[in-house]
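Residue numbers begin at 1 in each chain, while the letters A, B, ... track the order of the sequences.
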Amino acid sequence: MTSNRREFIKLSALAGGGAIFGFQVLVSCKTDSSSKMIEAALPDPDQWFDLSAYVKIGDTGLVTIMSPNPEIGQNVKTSMPMIIAEELDVAWKDVVVEQAGLDTDNFTRQVAGGSQSIRFGWKSLREAGAKIKHMLMQAAAKRWDADIASLQVSDGIITNSAGETLSYGELAAEAVDMEVPETVDLKDPKDYKIIGQGKTNVDMEGIITGQPLFGLDFARDGMVYAAMKRPDAFGMSLKDYDDSATRAVNGVIDVVKIGDKIAVIGKNTWAVIKGKKALQATYVKSASLESSDDLSKKMQEALDQLSDEPKRNDGDVVARMDEADQVFERSYEAPFLPHNTLEPMNFFADVTDDKVELIGPIQTPQWQRSNVAEALGREESEISIMMTRQGGGFGRRLYGNFVVEAAEISNAIRKPTKLIWTREDDMTFGPFRPSSAYKFKAALKDGKITGYHLTGAGVKMRNACREGFFPAGCLADLRIDSHSIDSNIPTGAWRAPVTNFLAYAEQAFFDELAAELGKDPVDLRLELLASAQKGLVGEVEYDTDKMIRMIEVAREKSDWDNRGDKHLGFSAYFCHNTYVAEVAEVELTEDGPRVKKVDCVVDCGLVINPKGAINQIEGGIIDGIGHAMYGDYAFEAGKGSMNNFNQYRLIRMMEVPEINIHFIESHDDPTGLGEPTLPPAGGAVANALHSATGKRLYRQPFVKELEVLG
Amino acid sequence: MPQYTLQVNGQSRQVDADADTPLLWVLRDELHLVGTKYGCGIAQCGACTIHVDGSPMRSCSFPVSRVGDKKITTIEGLSADASHPLQQAWREHDVPQCGYCQAGQIMTAAALLADTPRPSDEDIASAMHGNICRCGSYPKIKQAIKAAAKK
Ligand code: FES
Ligand code: FES
């Protein structure tokens, strides 16, 4: 059965074209956007032919591939088109990548962040490329009156058995009318020419020459600028304000109250920043003014409670604890954290009677379209959203409060408006990584672990734990409880939600538990996994064989068994379908301990783009170390403790260790890399710091607990 | 509003701006040179780094009234055809992740190399200390600077 091209576009969208998710996303990279400069691409065409929502082919053979998902630095704009180009069988140098706007008719789930659909997207992107290749081959077969099976394709050139050739450019016009095949054969991975090759970021030239790629760079004639003053603590509401000083600022055009917020409109960014500072506003308490200390107390209390509905309850942990020789117990706590994308929140909105046009950096355009429709009382069909390149995401741009604000301001003043959040706004208005705490208890009897109990508590965390992860499945008696603490502080996903701290706590606990049992921490993990291999208890999300292989490779690559007096710390974790082990080395210098090196072993299935993969892996490790060491943020009376980088410490170049990456070779479907190298990093460093200093670390950031060198 | 004549990337440019306007916003909003980025506004992140008479400067904390006839170079003017050794090395090493900090990184590194053509690891780490990369592209930045230094 076949369908026509229009239906194909629809179908491929339903099949999850844009379904590859953000962070998690495919390993990626791009050899040479610069290939355009190094190797001449085909000339610009006079005419383009739309073969699907993803692919346009020009009469010269140049190919445009649309990238439907938001690019936040995770390299999807390079890696997703690579997958299509592979099956389309075109030379990467002849591919131009364009960002698609929100288009729910043709793409699904244009989201950066989250995770489940990678395998699905992996298949649908390959099929999208293969189907178009098939249509081009059908067109060639028709021209030559040949059997399609007798044709060969390479780099956008089709060759028949007589040795004659036709290029995609010559066939594009005819291919448009060919039937879209229902099913297509996909390549054998051994024939891949693009996937698995390091491809350079497609936006490289723009980035290194300062072209307007980012949301903050977008401008349009007649546009005004806006800054927003919001209540300065969560729990406060606007009482009244005096804008006379603001209106006196040169370049300020207007001041508009929108609910609890006051928008300052001006001719340029500086005018609105100054105008906002000059605003005199008074606020009144309208809800509780919370502090980190109070929330911490509530979490600590919750850690001693059994929940009515445990997340997992294998065997009888309570009985095992009662009959144990010893219950080994430790708890860990983490602060709130802002995301601190380097490009602060911003958005362009142009609201008129006919339409609502939105342009800027957002990880969830579809969600924001419905938020804006609701806020403005408009139809979704009147709203368009175009995504720019985004100066970091880390989960922050999943939440579109700034998109709605921009739309509300433009709606109020009916001018094309660019809203900018200052760094101070960005660091204080959230949402934040929720503060969380964990307690681990191990029942020990006759030198063995007979029961394991994890309790988690987090500020507005639906589930602070991961019940399908190691060591679940390895122990007959294992229980996991999770508690959510209510608050009016906005919280949300932050790179590797939940596991960004849970993994640290667990890896640190394992290290200490092994020491208590007099075992090597690597052996302890392997023993538990060996018992799971013999008989898995309940259901788990990880694969025991892969887990064991990753740990063994890490043991070998880090020379763990011959570490002598080197201070190494071991950590191994599965999350986001990816297996990552990290071994950190800390050296003692005259000025104190310093993280010198990290060996990282990754099993992420097939690596789409090794260059992009390495960037994501290094970035995740550095982010994990940086926030474990320095990331600190607290609330007092509803107000955040820091508002700029003079107070908030981010990791800098001199604090970054040498990183060695080892991929486990695999032909399994690709998994995400934007998140999974972050969670194990803190534990590896904490365990190495313990080896070097004898001090165990139970709270982040480490710098508050220990004199650590950058 | 006062008027200033600025020497930017080899051209003379006239702008109207309040005296206290940071050069960053004059470049971005008035001259539409948006390669220079805003990250903190208080000289802490390096995203806004430009060259003033060849020295690296945080344009977010440099008022337009103090520029005078000093020569301003931004990322757009670093080389005529993206051929600066650092731009070449950035390409070869695929340095950027989100890319937002990279113009500032390149401008700081360019000033370092102009001053110290063969920098040691410590020279690099200390020169680059003022530039944050939230994505953690630091290892690649370091490799690219070393590669450019060899050119
Ligand atoms: S914006 Fe100037 S240093 Fe951060
Ligand atoms: S590449 Fe994203 S901040 Fe440096």
Side-chain angles (χ1 to χ4, degrees), chain A residues 29-30 32 34 72-75 198 200-201 203-205 207-214 216-217 219 225 250-251 268-271 273-274 340-344 389-394 420 422-423 611-612 615-616 618-623 626 644-646 650-654 656 658-659, chain B residues 1 17-18 20-22 24-26 28-30 32-45 47 74-76 78-79 82 84 86-87 90-103 106 122 124-126 128-142:
Chain A
C29 151
K30 140 151 212 160
D32 306 297
S34 49
I72 57 175
Q74 83 284 40
N75 214 356
T200 304
N201 189 321
D203 282 336
M204 179 63 74
E205 294 309 308
I207 291 170
I208 63 176
T209 59
Q211 298 310 301
L213 297 173
F214 297 91
L216 202 66
D217 304 341
Y225 295 77
N250 210 351
N268 55 57
T269 314
W270 185 239
I273 290 176
K274 266 172 65 174
N340 285 331
T341 59
L342 202 58
E343 177 190 20
R389 192 174 178 85
Q390 322 198 7
F394 314 109
I420 175 171
T422 61
R423 174 56 57 195
K611 278 192 178 187
N615 281 345
Q616 290 304 300
E618 288 179 345
I621 294 171
I622 291 166
D623 199 359
N644 210 325
F645 296 130
N646 53 341
L650 281 169
I651 192 166
R652 292 175 189 256
M653 186 185 278
M654 62 175 62
V656 171
E658 172 193 336
I659 296 171
Chain B
M1 207 184 280
D18 273 338
D20 62 350
T21 310
L24 169 66
W25 298 116
V26 173
R28 291 185 57 87
D29 293 350
E30 310 304 327
H32 307 296
L33 293 169
V34 295
T36 306
K37 296 295 191 258
Y38 165 74
C40 68
I42 57 166
Q44 293 290 319
C45 76
T74 69
I75 185 74
E76 291 90 342
L78 181 64
S79 67
H84 189 284
L86 284 165
Q87 287 166 318
W90 245 244
R91 225 178 254 132
E92 280 156 22
H93 291 263
D94 199 44
V95 174
Q97 290 183 39
C98 82
Y100 193 77
C101 71
Q102 300 294 339
I106 292 173
E122 289 71 42
I124 295 173
S126 86
M128 303 306 292
H129 191 65
N131 286 75
I132 291 172
C133 176
R134 174 66 181 87
C135 300
S137 68
Y138 298 115
K140 291 287 185 71
I141 293 172
K142 201 188 224 176

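For chain A, no part of B/Ser137 is nearby; none of its heavy atoms comes within less than 4.5 Å. For A/Phe645, the parts sitting under 4.5 Å from any heavy atom of chain B are the backbone and the side chain alike. With a 4.5 Å cut-off on non-hydrogen atoms, B/Asp20 touches chain A through its backbone and its side chain both. Only the backbone of A/Gln390 has a heavy atom closer than 4.5 Å to any heavy atom of chain B. Residue A/Asn268 touches chain B through both its backbone and its side chain, counting heavy-atom pairs closer than 4.5 Å. Interface residue A/Ile273: only side-chain heavy atoms are found under 4.5 Å from chain B. Using a 4.5 Å cut-off between heavy atoms, B/Ile132 contacts chain A through both its backbone and its side chain. With a threshold of 4.5 angstrom between heavy atoms, B/Ser126 approaches chain A through its backbone and through its side chain. With a 4.5 Å cut-off on non-hydrogen atoms, B/Val26 does not touch chain A at all. Neither the backbone nor the side chain of B/Glu122 comes within contact range of chain A; no heavy atoms are under 4.5 Å apart.
Contact count versus chain A (heavy atoms, under 4.5 Å) is highest, among B/Gly136, B/Cys101, B/Ala103, for B/Gly136. For chain A, the option among B/Pro22, B/Gly130, B/Cys133 with the highest count of heavy-atom pairs below 4.5 Å is B/Pro22. Contact tally against chain B (heavy-atom pairs below 4.5 Å) for A/Ile651, A/Ile621, A/Ile659: the top residue is A/Ile651. Top candidate by heavy-atom pairs under 4.5 Å with chain A, chosen from B/Tyr138, B/Tyr38, B/Trp25, is B/Tyr138. Interface summary for chain B: among A/Ile207, A/Ile622, A/Asp217, the most heavy-atom pairs under 4.5 angstrom belong to A/Asp217. Contacts with chain A were tallied for B/Ala47, B/Pro139, B/Gly41, B/Ala17; B/Pro139 has the most, counting heavy-atom pairs under 4.5 Å. Looking only at heavy-atom pairs under 4.5 Å with chain B, the residue among A/Ala219, A/Ala271, A/Pro344, A/Gly626 that has the most is A/Pro344. Chosen from B/Cys45, B/Cys40, B/Ala125, the residue pairing most often with chain A at heavy-atom distances under 4.5 Å is B/Cys40. Residue with the most contacts toward chain A among B/His93, B/Met128, B/Lys37, B/Gln102: B/Lys37 (heavy-atom pairs, distance under 4.5 Å).
Listed for the B/Asp29 side chain is a donor-acceptor partner under 3.5 Å among the backbone atoms of A/Thr269. Remark: side-chain polar atoms of A/Arg389 are not paired, donor with acceptor, to backbone N or O of A/Pro212 under 3.5 angstrom. Looking only at distances, a side-chain donor or acceptor of A/Gln616 sits under 3.5 Å from a matching main-chain atom of A/Gly73.
Contact check for A/Asn75 versus A/Asn615: no side-chain heavy atoms found under the 4.5 Å cut-off. At least one side-chain heavy atom of B/Asp94 sits under 4.5 Å from a side-chain heavy atom of A/Met204.
Taken to the nearest 0.5 Å, the CG atom of A/Leu216 stands 4.5 Å off from the CZ atom of B/Arg28. One distance of note links OG1 of A/Thr341 with CZ of B/Arg134; it measures 8.0 Å at 0.5 Å rounding. Here the CG-CZ distance, from A/Leu650 to A/Arg652, works out to 7.5 Å after rounding to the nearest 0.5 Å.
Between A/Trp270 and A/Tyr225, a ring centre-to-centre spacing not shorter than 6.0 Å is recorded.
Applying the side chain to side chain contact (heavy atoms under 4.5 Å, CB included) criterion to B/Leu33, with sequence neighbours excluded, gives B/Val8, B/Asn9, B/Leu27, B/Leu31, B/Thr74, B/Glu76. Residues satisfying the side chain to side chain contact (heavy atoms under 4.5 Å, CB included) test with A/Thr209, not counting sequence neighbours, are A/Gln211, B/Ala82, B/Gln87.
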Checking side chain to side chain contact (heavy atoms under 4.5 Å, CB included) for the pair A/Lys274/B/Asp18: CA distance, chi angles, key distance, verdict? CA-CA 11 Å; A/Lys274 266 172 65 174; B/Asp18 273 338; 3.8 Å; yes
